[in-house]
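Below is one structure, written out as structure tokens; comments come after it.
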Amino acid sequence: MAEKYPLVEQREYGRPEKRGGIWRKRVTRGDDELPRVAAHHVRVFRVGEEYVEDHGQLSADDPVVVGASSVTVVDRRIEVPVVVETRIPSAEAGDFTVRAWFHCTVTDPCAVVRDGVTDVEELLLARLREVPGLTEDGSDLPIVDTAGVRARIDARLTAYHEMRPSVVSGIRARHGVIEVLTPEEMSAYVEEMEKARRERLRRRQQEEMEQEAALDRALREAELELKHEEIRNLQAMRKERNRQEEETLRTGYERGAGAEQQDYELEIERRRNRFTRAEIEQDIKLVGSDPIAADYLAWRSGDISADELSKRLHAAEERWDARKDDRLRLDRDYEMTRRGLDRDDLRWQVEREDRRQELTRSEEREETAARRHEAARRWDLEHEDRLRQRQEERTDAKELHRDRREWAKEQLAVRATLGKQAIDRGLFDSTMYDAGAFINSVGDVAYHQNASQGGGPEMTQAELKGEVKGELRRAHRRTAEAEPAPDDADDADDFDPANQEGRLGD
């Protein structure tokens, strides 16, 4: 059985950090924070109160990995053997050692991690000790009767597990082989295990000593080899220096000799090429690009026979006819293709023109509708403005009419007040002036500001004297203009407004 089953590895996570470049930083885990999983392992991430199972598909920047607080690697192997040992009494001195094999399979990794199943042996041992009557199966048998005890325990466990199967959170445990050991066998087994442990310890110590000796020997050999290598390097450097000097001298001599030989060969090759080019130029001038002339030249030169020349001429004629037919066929295909492309181009132009006209009509309809909508909206706004203006004019007319009526009422009140005060003071007793005309002419007197500001109908004596004096002068002027001048100047002086000023103060 593996040392870590079913939990292979557990890690706790802290708060994730921002990683990435300067312009693209994001919250993610490091690749080294994700535990590696084998083919039969799964990872279980705890995100809050939830447990998410992963088969190695989630990356370090996945929201589940970033938000996880811990991760656990769970072993998903099938039928993993787990050995559980317990002791039961016998009829004699000593106890039987019962060794039970269980074959476990993880069915729900999330449940295993959530319930904290870390030690399967302890859970199965507790389950084994809960089997009723297990401790009494060997109490009536001698210590040597291990076969009978094994048969009893096997039957009891088989029946018990059939009625109540072993249930561990997320793990299915199947009952397997049962072994019953006597104290002697157990002691032999323990002694054998201890002997094997001592043997392993001795072998490990021996290997360590051999490794130390080998390391020491390797160090000494390495030091000796370094010294030999230094000597060899020094000798090699001297040999290499001598070889380089010799190679330099040889190279200089060979370079000079090779350059002279190369110049001679190039000059010979240059003359040969010049002659060849002259011959080719003459052949081109005489033959040109005519293959028939080239065939005749080859026949004259003896490169081909007369039969070969005849065959070539016949083949050239056939190629010429075939090339002519191919050219005619290509011309017809090109003409048909050109006409088809012209028809397609014309159809495309007609379709484009129709589409453009359709888009133009659509835009005109939209613009007409927009203008109508704008005209209707403008007419509505103007209509509302006219209604508002009429309402304001009507309101202003009402206020003006009301103000005029108030002004007329105030003028009547002022006329009445002035007439009453003038009559009460006897201003008209010693004058030849019509009091009714004076009262009617009071409306021409400017209304005093104090009266218009709510000062009251009553005026002070000085104000009343000034108002009456001015009105009497204006009335006298109008009377003089309307009537002829009297003969007696004394009668005209009888009504002097200036002389009446003293009376107003009486």
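The closest side-chain heavy-atom distance from E260 to Y264 is not below 4.5 Å. Counting only heavy atoms from C-beta outward, the side chains of R238 and L234 approach each other to under 4.5 Å. When side chains are defined from C-beta on, L7 counts as touching V74, because their heavy atoms get closer than 4.5 Å. Counting heavy atoms from C-beta on, the side chains of C104 and L124 come closer than 4.5 Å. Looking only at side-chain heavy atoms (C-beta outward), F45 and L34 come within less than 4.5 Å of each other. Contact check for E9 versus T72: no side-chain heavy atoms found under the 4.5 Å cut-off.
Under a 4.0 Å N-O distance rule, the pair R327/D331 does not qualify as a salt bridge. Of the charged side-chain nitrogens involved, none lies within less than 4.0 Å of a carboxylate oxygen, so that E230 and K227 do not count as a salt-bridged pair. Using a 4.0 Å cut-off between charged side-chain N and carboxylate O, E207 and R200 make no salt bridge. In this structure, R347 pairs ionically with D344, as a charged nitrogen and a carboxylate oxygen lie closer than 4.0 Å. In summary, E269 and R272 engage in a salt bridge, as defined by a charged side-chain N under 4.0 Å from a carboxylate O. Using a cut-off of 4.0 Å between Lys/Arg side-chain N and Asp/Glu carboxylate O, R243 and E240 are scored as salt-bridged. A salt bridge links R202 to E199: at least one charged side-chain nitrogen sits closer than 4.0 Å to a carboxylate oxygen. Here E335 does not pair with R332 in a salt bridge; the nearest charged N to carboxylate O distance is not below 4.0 Å. Between D325 and R329 there is no salt bridge, since no side-chain nitrogen of the basic residue lies less than 4.0 Å from a carboxylate oxygen of the acidic one. In summary, E79 and R174 engage in a salt bridge, as defined by a charged side-chain N under 4.0 Å from a carboxylate O. Between E351 and R355, none of the side-chain N atoms (NZ, or NE/NH1/NH2) sits under 4.0 Å from a carboxylate O, so this pair counts as no salt bridge.
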**OP:** Please assess R356 against E363 for the test salt bridge (Lys or Arg N to Asp or Glu O under 4.0 Å), listing each intermediate value before the final yes or no.
**Re:** CA-CA 10 Å; R356 187 183 63 79; E363 292 178 356; over 6 Å; no

Original post:
Given the rule in the side-chain hydrogen bond (donor to acceptor under 3.5 Å, both in side chains) test, do Q206 and R203 qualify, once you have shown the distances and angles that lead to the verdict?
Top reply: CA-CA 5 Å; Q206 184 179 358; R203 192 180 300 110; over 6 Å; no

**OP:** Start with the C-alpha gap between E393 and R390, add the side-chain angles, then the distance that decides, and say whether salt bridge (Lys or Arg N to Asp or Glu O under 4.0 Å) holds.
**Re:** CA-CA 5 Å; E393 291 177 355; R390 292 177 182 177; over 6 Å; no

**OP:** Verify side-chain contact (heavy atoms from CB on, under 4.5 Å) between E358 and R361, making sure each step is shown before the conclusion.
**Re:** CA-CA 5 Å; E358 183 180 354; R361 290 193 296 270; 4.0 Å; yes

**OP:** Begin from the C-alpha positions of E49 and R114 and carry the test side-chain contact (heavy atoms from CB on, under 4.5 Å) through to its verdict.
**Re:** CA-CA 9 Å; E49 298 296 332; R114 182 179 60 250; over 6 Å; no

Original post:
When you look at E245 and R241, which way does the salt bridge (Lys or Arg N to Asp or Glu O under 4.0 Å) test go after all the steps?
Top reply: CA-CA 6 Å; E245 292 178 356; R241 187 181 302 110; 5.7 Å; no

**OP:** Could you check V80 against H103 for side-chain contact (heavy atoms from CB on, under 4.5 Å), going step by step and ending with a plain yes or no?
**Re:** CA-CA 5 Å; V80 178; H103 301 281; over 6 Å; no

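Few gaps surround CZ on R250; more than 12 heavy atoms of other groups in view lie less than 6.0 Å from it. Counting non-hydrogen atoms of other residues, nucleotides and ligands closer than 6.0 Å to CD of E308 gives a total above 12. No more than 12 heavy atoms of other residues, nucleotides or ligands sit less than 6.0 Å from atom CZ of R15. Within 6.0 Å of atom CZ in R338, more than 12 heavy atoms from other residues, nucleotides or ligands are found, so the atom counts as buried in its surroundings. Counting heavy-atom neighbours within 6.0 Å of E12 CD, excluding the residue itself, gives a total of 12 or less. Environment of CD1 in I78: sparse, with no more than 12 heavy atoms of neighbouring residues, nucleotides or ligands closer than 6.0 Å.
Y13 and P35 get closest at one heavy-atom pair: OH-CD, 4.0 Å. Between R172 and T107 the shortest heavy-atom distance is NH1-CG2, 3.4 Å. Minimum interatomic distance between R29 and V66 (heavy atoms only, all atoms of both residues): NH2-O, 3.1 Å. Taking each heavy atom of V112 and P6 in turn, the nearest pair found is CG1-CG, 3.7 Å. Of all the heavy atoms in R76 and P109, the pair that sits closest is NH1-CG, 3.4 Å. Residues V47 and V64 come closest through the heavy atom pair CG2-O, 3.6 Å.
Rounded to the nearest 0.5 angstrom, E223 CD and E221 CD are separated by 11.0 Å. Taken from CD1 in I171 to OH in Y5, the straight-line distance is 5.5 Å, to the nearest 0.5 Å. Annotation: the span from K239 atom NZ to R232 atom CZ amounts to 11.5 Å, rounded to 0.5 Å. To the nearest 0.5 angstrom, M336 atom CE is 12.0 Å from L341 atom CG. The distance from atom CG of L215 to atom CG of L219, rounded to the nearest 0.5 Å, is 4.5 Å. Taking CZ of R365 as the reference point, atom OG1 of T360 lies at 10.5 Å (rounded to 0.5 Å).
Sorted by first and then second residue, the ring pair (Phe, Tyr, Trp, His ring centres under 6.0 Å) pairs involving residues 349-395 (not counting sequence neighbours) are W379-H383. Sorted by first and then second residue, the salt bridge (charged side-chain N to carboxylate O under 4.0 Å, His left out) pairs involving residues 35-48 (not counting sequence neighbours) are R43-D54.
Using a distance-only test at 3.5 Å, with no hydrogens or angles considered, no donor-acceptor pair links the side chain of D115 to the main chain of V117. Between the side chain of N233 and the backbone N or O of E229 there is at least one donor-acceptor pair closer than 3.5 Å. A side-chain donor-acceptor contact under 3.5 Å links R11 to the backbone of E33.
Side-chain atoms of Q349 and E353 include no donor-acceptor pair closer than 3.5 Å.
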